[in-house]
2 protein chains.
Amino acid sequence: MIQKTNRMNLVEQVASQIEQLIGSGHWQIGDRIPPEMELMEKFDVSRNTLREAIRALVHAGLLETKQGSGTIVRSANALGAAIKRHVKKSAMLETLDVRLALEKQAAQLAAEHRSETDLAKLEAYIQLSRQAVEKKDYEQFIELDIHFHQAVVSASHNQLLIDLYEPLAEIIYSFVQDLMAMNKPFKYEEELHIELFTAIRSQDKQAAATYVEDYMEVLRKEVVEMIEEE
Amino acid sequence: MIQKTNRMNLVEQVASQIEQLIGSGHWQIGDRIPPEMELMEKFDVSRNTLREAIRALVHAGLLETKQGSGTIVRSANALGAAIKRHVKKSAMLETLDVRLALEKQAAQLAAEHRSETDLAKLEAYIQLSRQAVEKKDYEQFIELDIHFHQAVVSASHNQLLIDLYEPLAEIIYSFVQDLMAMNKPFKYEEELHIELFTAIRSQDKQAAATYVEDYMEVLRKEVVEMIEEE
DNA sequence: TTTTAAAATTTGTAGGATGATTGGTACATT
DNA sequence: AATGTACCAATCATCCTACAAATTTTAAAA
(Lines give C-alpha, C1' and ligand atoms only; values in the text may rest on other atoms or scores of the structure.)
Protein backbone atom coordinates (compact mmCIF):
# COMPACT_ATOMS: atom_id res chain seq x y z
CA MET A 1 0.00 0.00 0.00
CA ILE A 2 1.32 3.40 -0.92
CA GLN A 3 1.66 5.71 2.03
CA LYS A 4 0.75 9.29 1.29
CA THR A 5 3.69 11.54 2.08
CA ASN A 6 2.79 13.45 5.16
CA ARG A 7 5.01 16.47 5.33
CA MET A 8 3.10 18.86 7.53
CA ASN A 9 4.04 22.46 6.93
CA LEU A 10 4.99 24.69 9.82
CA VAL A 11 1.60 26.31 10.10
CA GLU A 12 -0.22 23.02 10.48
CA GLN A 13 2.39 21.82 12.96
CA VAL A 14 1.85 24.88 15.12
CA ALA A 15 -1.93 24.71 14.77
CA SER A 16 -1.86 21.07 15.70
CA GLN A 17 0.21 21.79 18.80
CA ILE A 18 -2.13 24.55 19.88
CA GLU A 19 -5.11 22.27 19.32
CA GLN A 20 -3.44 19.75 21.56
CA LEU A 21 -2.80 22.32 24.26
CA ILE A 22 -6.49 23.14 24.18
CA GLY A 23 -7.65 19.56 23.93
CA SER A 24 -5.51 18.48 26.83
CA GLY A 25 -6.92 21.25 28.97
CA HIS A 26 -3.57 22.96 29.38
CA TRP A 27 -5.34 26.02 28.04
CA GLN A 28 -8.87 26.05 29.38
CA ILE A 29 -11.91 27.59 27.75
CA GLY A 30 -11.97 31.29 28.58
CA ASP A 31 -8.24 31.45 29.15
CA ARG A 32 -6.21 34.09 27.41
CA ILE A 33 -3.38 32.47 25.54
CA PRO A 34 0.07 34.14 25.47
CA PRO A 35 0.51 37.03 23.02
CA GLU A 36 1.92 36.51 19.57
CA MET A 37 5.41 37.65 20.50
CA GLU A 38 5.70 35.05 23.20
CA LEU A 39 4.28 32.25 21.06
CA MET A 40 6.64 33.15 18.22
CA GLU A 41 9.57 32.50 20.49
CA LYS A 42 8.02 29.42 22.06
CA PHE A 43 7.28 27.73 18.74
CA ASP A 44 10.29 29.31 17.06
CA VAL A 45 8.40 30.51 14.00
CA SER A 46 7.85 33.89 12.41
CA ARG A 47 4.90 36.08 13.16
CA ASN A 48 3.25 35.27 9.83
CA THR A 49 3.44 31.55 10.37
CA LEU A 50 2.11 31.82 13.89
CA ARG A 51 -0.69 34.12 12.81
CA GLU A 52 -1.76 31.76 10.03
CA ALA A 53 -1.96 28.93 12.54
CA ILE A 54 -3.98 31.00 14.98
CA ARG A 55 -6.20 32.28 12.20
CA ALA A 56 -6.98 28.71 11.14
CA LEU A 57 -8.11 27.88 14.66
CA VAL A 58 -10.10 31.11 14.92
CA HIS A 59 -11.94 30.20 11.76
CA ALA A 60 -12.54 26.73 13.13
CA GLY A 61 -14.11 28.25 16.24
CA LEU A 62 -11.51 27.14 18.76
CA LEU A 63 -10.02 30.60 19.39
CA GLU A 64 -11.21 34.17 19.32
CA THR A 65 -8.92 37.14 18.78
CA LYS A 66 -9.59 40.67 19.89
CA GLN A 67 -7.41 43.44 18.66
CA GLY A 68 -5.62 45.16 21.50
CA SER A 69 -6.83 42.65 24.02
CA GLY A 70 -5.54 39.23 23.14
CA THR A 71 -6.65 35.77 22.09
CA ILE A 72 -8.89 33.55 24.17
CA VAL A 73 -9.91 29.91 23.99
CA ARG A 74 -13.50 29.67 22.87
CA SER A 75 -14.11 25.95 22.43
CA ALA A 76 -12.21 22.71 22.76
CA ASN A 77 -14.19 20.84 20.16
CA ALA A 78 -13.67 21.77 16.52
CA LEU A 79 -16.41 19.44 15.33
CA GLY A 80 -18.88 20.98 17.74
CA ALA A 81 -18.07 24.45 16.48
CA ALA A 82 -18.52 23.34 12.89
CA ILE A 83 -21.86 21.74 13.65
CA LYS A 84 -23.08 24.79 15.52
CA ARG A 85 -22.21 27.10 12.68
CA HIS A 86 -23.85 24.79 10.21
CA VAL A 87 -27.01 24.20 12.21
CA LYS A 88 -27.68 27.89 12.57
CA LYS A 89 -28.82 27.78 8.98
CA SER A 90 -31.08 24.77 9.50
CA ALA A 91 -34.58 24.76 10.86
CA MET A 92 -35.13 23.93 14.50
CA LEU A 93 -37.47 21.04 13.73
CA GLU A 94 -34.88 19.42 11.52
CA THR A 95 -32.43 19.68 14.37
CA LEU A 96 -34.90 18.00 16.68
CA ASP A 97 -35.21 15.07 14.30
CA VAL A 98 -31.47 14.59 14.26
CA ARG A 99 -31.31 14.86 18.02
CA LEU A 100 -34.00 12.19 18.26
CA ALA A 101 -32.03 9.94 15.93
CA LEU A 102 -28.86 10.23 17.95
CA GLU A 103 -30.42 10.04 21.39
CA LYS A 104 -32.58 7.07 20.54
CA GLN A 105 -29.56 5.12 19.41
CA ALA A 106 -27.64 6.37 22.44
CA ALA A 107 -30.35 5.17 24.80
CA GLN A 108 -30.24 1.70 23.31
CA LEU A 109 -26.47 1.56 23.52
CA ALA A 110 -26.67 2.92 27.05
CA ALA A 111 -29.01 0.11 27.99
CA GLU A 112 -26.32 -2.28 26.85
CA HIS A 113 -23.19 -0.62 28.12
CA ARG A 114 -24.14 1.56 31.07
CA SER A 115 -21.86 1.34 34.11
CA GLU A 116 -22.80 1.81 37.73
CA THR A 117 -21.33 5.29 37.56
CA ASP A 118 -23.58 6.12 34.62
CA LEU A 119 -26.63 5.00 36.54
CA ALA A 120 -25.64 7.01 39.59
CA LYS A 121 -25.25 10.15 37.49
CA LEU A 122 -28.62 9.70 35.84
CA GLU A 123 -30.32 9.18 39.17
CA ALA A 124 -28.63 12.25 40.61
CA TYR A 125 -29.84 14.45 37.77
CA ILE A 126 -33.39 13.21 38.21
CA GLN A 127 -33.20 14.04 41.88
CA LEU A 128 -31.79 17.51 41.27
CA SER A 129 -34.37 18.19 38.59
CA ARG A 130 -37.15 17.43 41.00
CA GLN A 131 -35.69 19.85 43.53
CA ALA A 132 -35.38 22.57 40.92
CA VAL A 133 -39.04 22.16 40.03
CA GLU A 134 -40.05 22.37 43.68
CA LYS A 135 -38.15 25.66 43.95
CA LYS A 136 -39.79 26.78 40.71
CA ASP A 137 -36.31 27.49 39.35
CA TYR A 138 -37.19 26.64 35.78
CA GLU A 139 -34.01 27.91 34.24
CA GLN A 140 -32.04 25.62 36.47
CA PHE A 141 -34.40 22.82 35.61
CA ILE A 142 -33.83 23.19 31.89
CA GLU A 143 -30.10 23.06 32.46
CA LEU A 144 -30.39 19.91 34.54
CA ASP A 145 -32.66 18.41 31.93
CA ILE A 146 -29.99 18.90 29.31
CA HIS A 147 -27.43 17.36 31.60
CA PHE A 148 -29.64 14.35 32.12
CA HIS A 149 -29.95 13.76 28.41
CA GLN A 150 -26.27 14.30 27.89
CA ALA A 151 -25.63 11.71 30.61
CA VAL A 152 -27.78 9.25 28.71
CA VAL A 153 -25.69 9.81 25.61
CA SER A 154 -22.49 9.54 27.62
CA ALA A 155 -23.64 6.19 28.94
CA SER A 156 -23.59 4.90 25.37
CA HIS A 157 -19.79 5.11 25.55
CA ASN A 158 -19.70 5.96 21.86
CA GLN A 159 -17.43 8.98 21.56
CA LEU A 160 -18.54 9.98 18.09
CA LEU A 161 -22.15 9.94 19.19
CA ILE A 162 -21.28 12.06 22.21
CA ASP A 163 -19.38 14.59 20.13
CA LEU A 164 -22.14 14.94 17.57
CA TYR A 165 -24.89 15.17 20.16
CA GLU A 166 -23.36 17.85 22.36
CA PRO A 167 -23.56 20.83 20.02
CA LEU A 168 -27.10 19.92 18.98
CA ALA A 169 -28.22 19.78 22.59
CA GLU A 170 -26.63 23.15 23.26
CA ILE A 171 -28.38 24.73 20.32
CA ILE A 172 -31.76 23.38 21.31
CA TYR A 173 -31.12 24.43 24.89
CA SER A 174 -30.39 28.03 24.01
CA PHE A 175 -33.34 28.08 21.64
CA VAL A 176 -35.69 26.85 24.34
CA GLN A 177 -34.22 29.36 26.79
CA ASP A 178 -34.79 32.21 24.38
CA LEU A 179 -38.40 31.29 23.82
CA MET A 180 -39.00 30.54 27.48
CA ALA A 181 -38.26 34.14 28.36
CA MET A 182 -41.55 35.13 26.73
CA ASN A 183 -43.75 32.18 27.61
CA LYS A 184 -44.65 30.02 30.51
CA PRO A 185 -42.20 27.32 31.48
CA PHE A 186 -42.03 23.81 30.23
CA LYS A 187 -44.13 21.09 31.69
CA TYR A 188 -42.01 18.77 33.74
CA GLU A 189 -41.87 15.35 32.19
CA GLU A 190 -40.66 13.62 35.30
CA GLU A 191 -42.30 10.30 34.58
CA LEU A 192 -40.63 9.93 31.20
CA HIS A 193 -37.21 10.58 32.69
CA ILE A 194 -37.73 8.05 35.43
CA GLU A 195 -39.01 5.49 33.00
CA LEU A 196 -36.10 6.04 30.66
CA PHE A 197 -33.73 5.65 33.58
CA THR A 198 -35.44 2.45 34.65
CA ALA A 199 -35.26 1.04 31.16
CA ILE A 200 -31.55 1.76 30.93
CA ARG A 201 -30.94 0.26 34.35
CA SER A 202 -32.81 -2.91 33.51
CA GLN A 203 -31.10 -3.01 30.10
CA ASP A 204 -34.33 -2.93 28.18
CA LYS A 205 -33.24 -1.51 24.82
CA GLN A 206 -36.69 -1.44 23.32
CA ALA A 207 -38.26 0.46 26.18
CA ALA A 208 -35.38 2.93 26.32
CA ALA A 209 -35.87 3.77 22.65
CA THR A 210 -39.60 4.19 23.14
CA TYR A 211 -39.26 6.61 26.03
CA VAL A 212 -36.80 8.74 24.11
CA GLU A 213 -39.32 8.86 21.31
CA ASP A 214 -42.07 9.87 23.69
CA TYR A 215 -39.98 12.58 25.29
CA MET A 216 -38.93 13.99 21.96
CA GLU A 217 -42.54 14.02 20.82
CA VAL A 218 -43.51 16.09 23.86
CA LEU A 219 -40.60 18.44 23.25
CA ARG A 220 -41.49 18.77 19.60
CA LYS A 221 -45.05 19.74 20.44
CA GLU A 222 -43.90 22.42 22.85
CA VAL A 223 -41.42 23.79 20.35
CA VAL A 224 -44.08 23.86 17.64
CA GLU A 225 -46.45 25.69 20.00
CA MET A 226 -43.78 28.21 20.84
CA ILE A 227 -42.92 28.82 17.24
CA GLU A 228 -46.55 29.28 16.33
CA GLU A 229 -47.18 31.73 19.18
CA GLU A 230 -44.35 33.85 17.89
CA MET B 1 -31.69 45.57 21.29
CA ILE B 2 -28.00 46.22 20.93
CA GLN B 3 -26.59 45.01 17.66
CA LYS B 4 -23.38 43.12 18.14
CA THR B 5 -20.71 45.07 16.32
CA ASN B 6 -20.31 43.11 13.17
CA ARG B 7 -17.00 44.42 12.06
CA MET B 8 -15.64 41.32 10.44
CA ASN B 9 -11.94 41.67 9.97
CA LEU B 10 -10.56 41.56 6.48
CA VAL B 11 -9.40 37.98 6.74
CA GLU B 12 -12.85 36.66 7.61
CA GLN B 13 -14.40 38.78 4.91
CA VAL B 14 -12.10 37.31 2.30
CA ALA B 15 -12.52 33.77 3.66
CA SER B 16 -16.25 34.19 3.63
CA GLN B 17 -16.22 35.37 0.03
CA ILE B 18 -14.07 32.46 -1.03
CA GLU B 19 -16.38 30.07 0.79
CA GLN B 20 -19.24 31.56 -1.12
CA LEU B 21 -17.44 31.18 -4.43
CA ILE B 22 -16.97 27.51 -3.62
CA GLY B 23 -20.44 27.00 -2.21
CA SER B 24 -22.06 28.57 -5.25
CA GLY B 25 -20.09 26.32 -7.54
CA HIS B 26 -18.25 29.20 -9.16
CA TRP B 27 -15.11 27.35 -8.18
CA GLN B 28 -15.74 23.64 -8.58
CA ILE B 29 -14.09 20.84 -6.66
CA GLY B 30 -10.77 20.04 -8.28
CA ASP B 31 -10.43 23.50 -9.80
CA ARG B 32 -7.24 25.43 -9.31
CA ILE B 33 -8.03 28.82 -7.90
CA PRO B 34 -6.06 31.88 -9.07
CA PRO B 35 -2.59 32.38 -7.57
CA GLU B 36 -2.05 34.56 -4.54
CA MET B 37 -0.87 37.59 -6.54
CA GLU B 38 -4.04 37.66 -8.58
CA LEU B 39 -6.31 37.17 -5.56
CA MET B 40 -4.48 39.92 -3.68
CA GLU B 41 -5.41 42.34 -6.43
CA LYS B 42 -8.93 40.99 -6.84
CA PHE B 43 -9.79 41.28 -3.12
CA ASP B 44 -7.55 44.33 -2.68
CA VAL B 45 -5.80 43.01 0.41
CA SER B 46 -2.19 42.35 1.30
CA ARG B 47 -0.47 39.05 0.88
CA ASN B 48 -0.66 38.29 4.61
CA THR B 49 -4.36 38.91 4.81
CA LEU B 50 -5.08 36.77 1.79
CA ARG B 51 -2.85 33.97 3.02
CA GLU B 52 -4.51 33.92 6.43
CA ALA B 53 -7.88 33.61 4.75
CA ILE B 54 -6.73 30.79 2.50
CA ARG B 55 -4.99 29.08 5.39
CA ALA B 56 -8.20 29.11 7.39
CA LEU B 57 -10.02 27.35 4.57
CA VAL B 58 -7.17 24.90 4.08
CA HIS B 59 -7.37 23.98 7.73
CA ALA B 60 -11.13 23.62 7.41
CA GLY B 61 -10.63 21.19 4.56
CA LEU B 62 -12.15 23.28 1.78
CA LEU B 63 -8.86 24.05 0.02
CA GLU B 64 -5.52 22.38 -0.45
CA THR B 65 -2.33 24.24 -1.24
CA LYS B 66 0.68 22.75 -2.93
CA GLN B 67 3.89 24.68 -3.01
CA GLY B 68 4.96 25.30 -6.53
CA SER B 69 1.73 24.07 -7.98
CA GLY B 70 -1.13 26.14 -6.66
CA THR B 71 -4.27 25.91 -4.58
CA ILE B 72 -7.16 23.62 -5.46
CA VAL B 73 -10.70 23.25 -4.17
CA ARG B 74 -10.97 20.07 -2.19
CA SER B 75 -14.47 20.11 -0.72
CA ALA B 76 -17.52 22.32 -0.71
CA ASN B 77 -18.79 21.19 2.67
CA ALA B 78 -16.90 22.39 5.73
CA LEU B 79 -18.99 20.29 8.10
CA GLY B 80 -18.31 17.15 6.14
CA ALA B 81 -14.58 17.80 6.23
CA ALA B 82 -14.70 18.39 9.98
CA ILE B 83 -16.59 15.16 10.55
CA LYS B 84 -14.22 13.20 8.38
CA ARG B 85 -11.20 14.45 10.21
CA HIS B 86 -12.83 13.77 13.53
CA VAL B 87 -14.00 10.28 12.69
CA LYS B 88 -10.55 9.17 11.66
CA LYS B 89 -9.79 8.98 15.33
CA SER B 90 -12.92 7.05 16.21
CA ALA B 91 -13.43 3.36 15.84
CA MET B 92 -15.22 2.03 12.81
CA LEU B 93 -17.85 0.27 14.89
CA GLU B 94 -18.73 3.52 16.64
CA THR B 95 -19.16 5.12 13.26
CA LEU B 96 -21.49 2.32 12.22
CA ASP B 97 -23.66 2.93 15.26
CA VAL B 98 -23.99 6.58 14.39
CA ARG B 99 -24.75 5.76 10.80
CA LEU B 100 -27.46 3.40 11.98
CA ALA B 101 -28.94 6.12 14.17
CA LEU B 102 -29.09 8.62 11.35
CA GLU B 103 -30.26 6.26 8.64
CA LYS B 104 -32.96 4.71 10.78
CA GLN B 105 -34.41 8.12 11.49
CA ALA B 106 -33.97 9.05 7.85
CA ALA B 107 -35.85 5.96 6.70
CA GLN B 108 -38.79 6.84 8.93
CA LEU B 109 -38.85 10.42 7.73
CA ALA B 110 -38.49 9.18 4.17
CA ALA B 111 -41.54 6.99 4.65
CA GLU B 112 -43.43 10.14 5.57
CA HIS B 113 -42.07 12.63 3.11
CA ARG B 114 -40.82 10.72 0.08
CA SER B 115 -41.77 12.18 -3.29
CA GLU B 116 -42.33 10.28 -6.51
CA THR B 117 -38.89 11.37 -7.63
CA ASP B 118 -37.38 9.86 -4.50
CA LEU B 119 -39.07 6.56 -5.17
CA ALA B 120 -37.94 6.54 -8.77
CA LYS B 121 -34.34 7.09 -7.72
CA LEU B 122 -34.44 4.33 -5.15
CA GLU B 123 -35.88 1.89 -7.65
CA ALA B 124 -33.27 2.83 -10.21
CA TYR B 125 -30.43 2.14 -7.80
CA ILE B 126 -31.85 -1.24 -6.92
CA GLN B 127 -32.05 -2.08 -10.59
CA LEU B 128 -28.49 -0.94 -11.28
CA SER B 129 -27.19 -2.81 -8.24
CA ARG B 130 -28.67 -6.01 -9.54
CA GLN B 131 -26.97 -5.51 -12.89
CA ALA B 132 -23.65 -4.84 -11.21
CA VAL B 133 -23.92 -8.08 -9.30
CA GLU B 134 -24.75 -9.99 -12.45
CA LYS B 135 -21.61 -8.58 -14.03
CA LYS B 136 -19.70 -9.45 -10.87
CA ASP B 137 -18.51 -5.83 -10.74
CA TYR B 138 -18.41 -5.68 -6.98
CA GLU B 139 -16.66 -2.34 -6.73
CA GLN B 140 -19.40 -0.80 -8.79
CA PHE B 141 -21.94 -2.55 -6.63
CA ILE B 142 -20.57 -1.09 -3.43
CA GLU B 143 -20.72 2.36 -4.97
CA LEU B 144 -24.32 1.89 -6.02
CA ASP B 145 -25.14 0.52 -2.60
CA ILE B 146 -23.88 3.72 -1.01
CA HIS B 147 -25.89 5.75 -3.47
CA PHE B 148 -29.00 3.82 -2.59
CA HIS B 149 -28.58 4.54 1.07
CA GLN B 150 -27.78 8.17 0.41
CA ALA B 151 -30.96 8.35 -1.64
CA VAL B 152 -32.91 7.02 1.34
CA VAL B 153 -31.45 9.77 3.49
CA SER B 154 -32.14 12.37 0.83
CA ALA B 155 -35.76 11.28 0.76
CA SER B 156 -36.05 12.38 4.38
CA HIS B 157 -35.76 15.96 3.11
CA ASN B 158 -33.94 16.91 6.31
CA GLN B 159 -30.89 18.84 5.18
CA LEU B 160 -29.01 18.57 8.46
CA LEU B 161 -29.46 14.81 8.45
CA ILE B 162 -28.21 14.65 4.89
CA ASP B 163 -25.15 16.75 5.66
CA LEU B 164 -24.22 14.69 8.70
CA TYR B 165 -24.81 11.36 6.97
CA GLU B 166 -22.77 11.99 3.85
CA PRO B 167 -19.27 12.07 5.35
CA LEU B 168 -19.98 9.03 7.48
CA ALA B 169 -21.15 7.05 4.49
CA GLU B 170 -18.03 8.04 2.60
CA ILE B 171 -15.79 6.94 5.40
CA ILE B 172 -17.46 3.58 5.73
CA TYR B 173 -17.41 3.18 1.98
CA SER B 174 -13.67 3.74 1.70
CA PHE B 175 -13.08 1.49 4.69
CA VAL B 176 -15.07 -1.32 3.14
CA GLN B 177 -13.28 -0.80 -0.17
CA ASP B 178 -9.89 -1.03 1.49
CA LEU B 179 -10.74 -4.25 3.23
CA MET B 180 -12.48 -5.69 0.21
CA ALA B 181 -9.23 -5.57 -1.71
CA MET B 182 -7.95 -8.42 0.43
CA ASN B 183 -11.10 -10.45 0.98
CA LYS B 184 -14.05 -11.82 -0.84
CA PRO B 185 -16.76 -9.41 -1.79
CA PHE B 186 -19.82 -8.55 0.21
CA LYS B 187 -22.88 -10.67 0.10
CA TYR B 188 -25.59 -8.93 -1.83
CA GLU B 189 -28.47 -8.07 0.44
CA GLU B 190 -30.93 -7.53 -2.32
CA GLU B 191 -33.98 -8.59 -0.36
CA LEU B 192 -33.37 -6.06 2.40
CA HIS B 193 -33.03 -3.23 -0.06
CA ILE B 194 -36.21 -4.15 -1.84
CA GLU B 195 -38.08 -4.50 1.40
CA LEU B 196 -36.80 -1.13 2.63
CA PHE B 197 -37.87 0.42 -0.63
CA THR B 198 -41.30 -1.16 -0.36
CA ALA B 199 -41.71 0.08 3.20
CA ILE B 200 -40.83 3.63 2.21
CA ARG B 201 -43.16 3.50 -0.76
CA SER B 202 -46.06 2.25 1.34
CA GLN B 203 -45.17 4.79 4.04
CA ASP B 204 -44.69 2.14 6.71
CA LYS B 205 -42.39 3.90 9.16
CA GLN B 206 -42.00 0.97 11.48
CA ALA B 207 -41.03 -1.48 8.78
CA ALA B 208 -38.59 0.99 7.25
CA ALA B 209 -36.80 1.36 10.56
CA THR B 210 -36.66 -2.39 11.03
CA TYR B 211 -35.11 -3.07 7.64
CA VAL B 212 -32.45 -0.43 8.21
CA GLU B 213 -31.65 -2.15 11.46
CA ASP B 214 -31.43 -5.51 9.76
CA TYR B 215 -29.20 -4.20 7.03
CA MET B 216 -26.90 -2.48 9.48
CA GLU B 217 -26.66 -5.66 11.50
CA VAL B 218 -25.54 -7.59 8.44
CA LEU B 219 -23.04 -4.86 7.61
CA ARG B 220 -21.76 -4.83 11.17
CA LYS B 221 -21.14 -8.55 11.12
CA GLU B 222 -19.20 -8.35 7.88
CA VAL B 223 -17.11 -5.48 9.18
CA VAL B 224 -16.40 -7.34 12.40
CA GLU B 225 -15.36 -10.39 10.41
CA MET B 226 -13.08 -8.31 8.25
CA ILE B 227 -11.49 -6.62 11.20
CA GLU B 228 -10.90 -9.91 12.94
CA GLU B 229 -9.34 -11.45 9.87
CA GLU B 230 -6.87 -8.61 9.81
C1' DT C 1 -11.33 58.84 45.34
C1' DT C 2 -12.63 59.70 40.66
C1' DT C 3 -11.50 61.35 36.11
C1' DT C 4 -8.53 62.11 32.44
C1' DA C 5 -4.64 61.62 29.65
C1' DA C 6 -0.60 59.33 28.28
C1' DA C 7 1.96 55.06 27.57
C1' DA C 8 2.40 50.29 26.80
C1' DT C 9 0.53 46.12 25.00
C1' DT C 10 -1.64 43.46 21.53
C1' DT C 11 -3.74 42.20 17.31
C1' DG C 12 -4.68 43.91 12.24
C1' DT C 13 -2.81 45.03 7.80
C1' DA C 14 0.67 46.13 4.40
C1' DG C 15 4.73 45.25 1.58
C1' DG C 16 9.01 43.17 0.46
C1' DA C 17 12.69 39.54 0.32
C1' DT C 18 14.37 34.86 -0.02
C1' DG C 19 13.89 29.84 -0.16
C1' DA C 20 11.55 25.43 -1.50
C1' DT C 21 8.62 22.74 -4.36
C1' DT C 22 6.39 21.65 -8.45
C1' DG C 23 5.53 21.34 -13.46
C1' DG C 24 7.08 21.88 -17.78
C1' DT C 25 10.70 22.16 -21.62
C1' DA C 26 14.71 21.09 -24.04
C1' DC C 27 18.31 18.16 -24.72
C1' DA C 28 21.23 14.22 -24.29
C1' DT C 29 21.50 9.23 -23.46
C1' DT C 30 20.15 4.58 -23.92
C1' DA D 1 10.88 5.67 -28.76
C1' DA D 2 11.78 5.66 -23.92
C1' DT D 3 14.35 7.34 -20.21
C1' DG D 4 17.24 10.43 -17.67
C1' DT D 5 19.26 15.11 -16.79
C1' DA D 6 19.58 20.04 -16.54
C1' DC D 7 17.33 24.07 -16.50
C1' DC D 8 13.55 27.55 -16.13
C1' DA D 9 9.30 29.61 -14.61
C1' DA D 10 5.37 29.69 -11.64
C1' DT D 11 3.75 29.26 -7.06
C1' DC D 12 3.49 28.68 -2.31
C1' DA D 13 6.35 28.78 2.42
C1' DT D 14 8.62 31.39 5.57
C1' DC D 15 10.75 35.33 7.44
C1' DC D 16 11.35 40.31 8.19
C1' DT D 17 10.14 45.19 9.15
C1' DA D 18 6.85 48.80 9.62
C1' DC D 19 2.82 51.09 10.94
C1' DA D 20 -2.30 51.32 12.23
C1' DA D 21 -6.10 50.36 15.35
C1' DA D 22 -8.03 48.71 19.57
C1' DT D 23 -7.52 47.72 24.28
C1' DT D 24 -5.44 47.70 28.73
C1' DT D 25 -2.45 49.59 32.03
C1' DT D 26 -0.27 53.31 34.23
C1' DA D 27 0.27 57.83 35.82
C1' DA D 28 -1.13 62.32 36.42
C1' DA D 29 -4.67 65.63 37.53
C1' DA D 30 -8.92 67.11 39.54
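Any value given below was found using the heavy atoms of this structure, including those in side chains, with hydrogens, waters and symmetry copies removed. Letters A, B, ... mirror the listed sequences (proteins, then strands); counts begin at 1. Predicted model only: the values in this text are computed from it and were never measured.
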- Task: For residues 55-71 of chain A, pull every pair meeting side chain to side chain donor-acceptor pair (under 3.5 Å), keeping only residues two or more places apart or in separate chains.
- Result: R55(A)-E52(B), H59(A)-E12(B), E64(A)-R74(A)
Give every pair of a protein N or O atom and an N or O atom of nucleotides 5-8 of chain D that lie under 3.5 Å apart, one pair per line with the distance.
none

- Message: Considering only residues two or more places apart or on different chains, which pairs with a residue in residues 149-161 of chain B satisfy salt bridge (Lys or Arg N to Asp or Glu O under 4.0 Å)?
- Response: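 Every candidate salt bridge (Lys or Arg N to Asp or Glu O under 4.0 Å) pair involving residues 149-161 of chain B fails, so no pair, neighbours aside, qualifies.
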- Would you mind listing every salt bridge (Lys or Arg N to Asp or Glu O under 4.0 Å) that reaches into residues 147-159 of chain A, with sequence neighbours excluded?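 Residue pairs passing salt bridge (Lys or Arg N to Asp or Glu O under 4.0 Å), neighbours aside: none found.
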Specify the separation, in whole Å, of atom [atom1] of [X] and atom [atom2] of [N].
| X | N | atom1 | atom2 | result |
| --- | --- | --- | --- | --- |
| F43(A) | dT14(D) | CZ | C1' | 17 Å |
| L63(B) | dC12(D) | CG | P | 11 Å |
| E64(B) | dA13(D) | CD | P | 11 Å |
| L50(B) | dG16(C) | CG | P | 15 Å |

- Message: What does the B/S/- profile of nucleotides 4-14 of chain C look like, 5' to 3', with a 4.0 Å heavy-atom cutoff to protein?
- Response: -----BBBBBB
- Query: Taking the inter-plane angle between the rings of H149(B) and H193(B) on a 0 to 90° scale, is it parallel (under 30°), tilted (30 to 60°) or perpendicular (over 60°)?
  - Reply: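 Geometry flag for H193(B) against H149(B): perpendicular rings.
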- For R32(B), side-chain hydrogen bond (donor to acceptor under 3.5 Å, both in side chains) partners two or more places apart: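 Testing R32(B) for side-chain hydrogen bond (donor to acceptor under 3.5 Å, both in side chains), a comparison that skips the adjacent residues, returns none.
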- Message: Run the side-chain hydrogen bond (donor to acceptor under 3.5 Å, both in side chains) test against N77(B) and tell me which residues pass, sequence neighbours left out.
- Response: none
- Query: To the nearest 10 degrees, how far apart in direction are the end axes of the helix from dT1(C)-dA30(D) to dT30(C)-dA1(D), each fit to five base pairs?
  - Reply: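 That helix gives 20° between its end axes.
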- Query: What pairs with L10(B) under side-chain contact (heavy atoms from CB on, under 4.5 Å), at least two apart in sequence or on another chain?
  - Reply: Q13(B), V45(B), T49(B)
- Report the residues that fulfil side-chain contact (heavy atoms from CB on, under 4.5 Å) with E139(A), sequence neighbours left out, ordered by chain and then residue number.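 Partners of E139(A) by the side-chain contact (heavy atoms from CB on, under 4.5 Å) criterion, ordered by chain and then number, come out as D137(A), Q177(A).
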Solution key, residues 19-31 of chain B side-chain donor-acceptor pairs under 3.5 Å, sequence neighbours excluded:
| residue | atom | partner | partner atom | Å |
| --- | --- | --- | --- | --- |
| S24(B) | OG | Q20(B) | O | 3.1 |
| S24(B) | OG | L21(B) | O | 3.2 |
| S24(B) | OG | H26(B) | N | 3.4 |
| Q28(B) | NE2 | G25(B) | O | 2.9 |
| D31(B) | OD2 | Q28(B) | N | 2.9 |

Atom pairs and distances, side-chain donor-acceptor, residues 164-171 of chain B, under 3.5 Å, sequence neighbours left out:
| residue | atom | partner | partner atom | Å |
| --- | --- | --- | --- | --- |
| Y165(B) | OH | R99(B) | NE | 3.0 |
| Y165(B) | OH | R99(B) | NH2 | 3.2 |
| Y165(B) | OH | E103(B) | OE1 | 2.7 |
| E170(B) | OE1 | K84(B) | NZ | 2.7 |

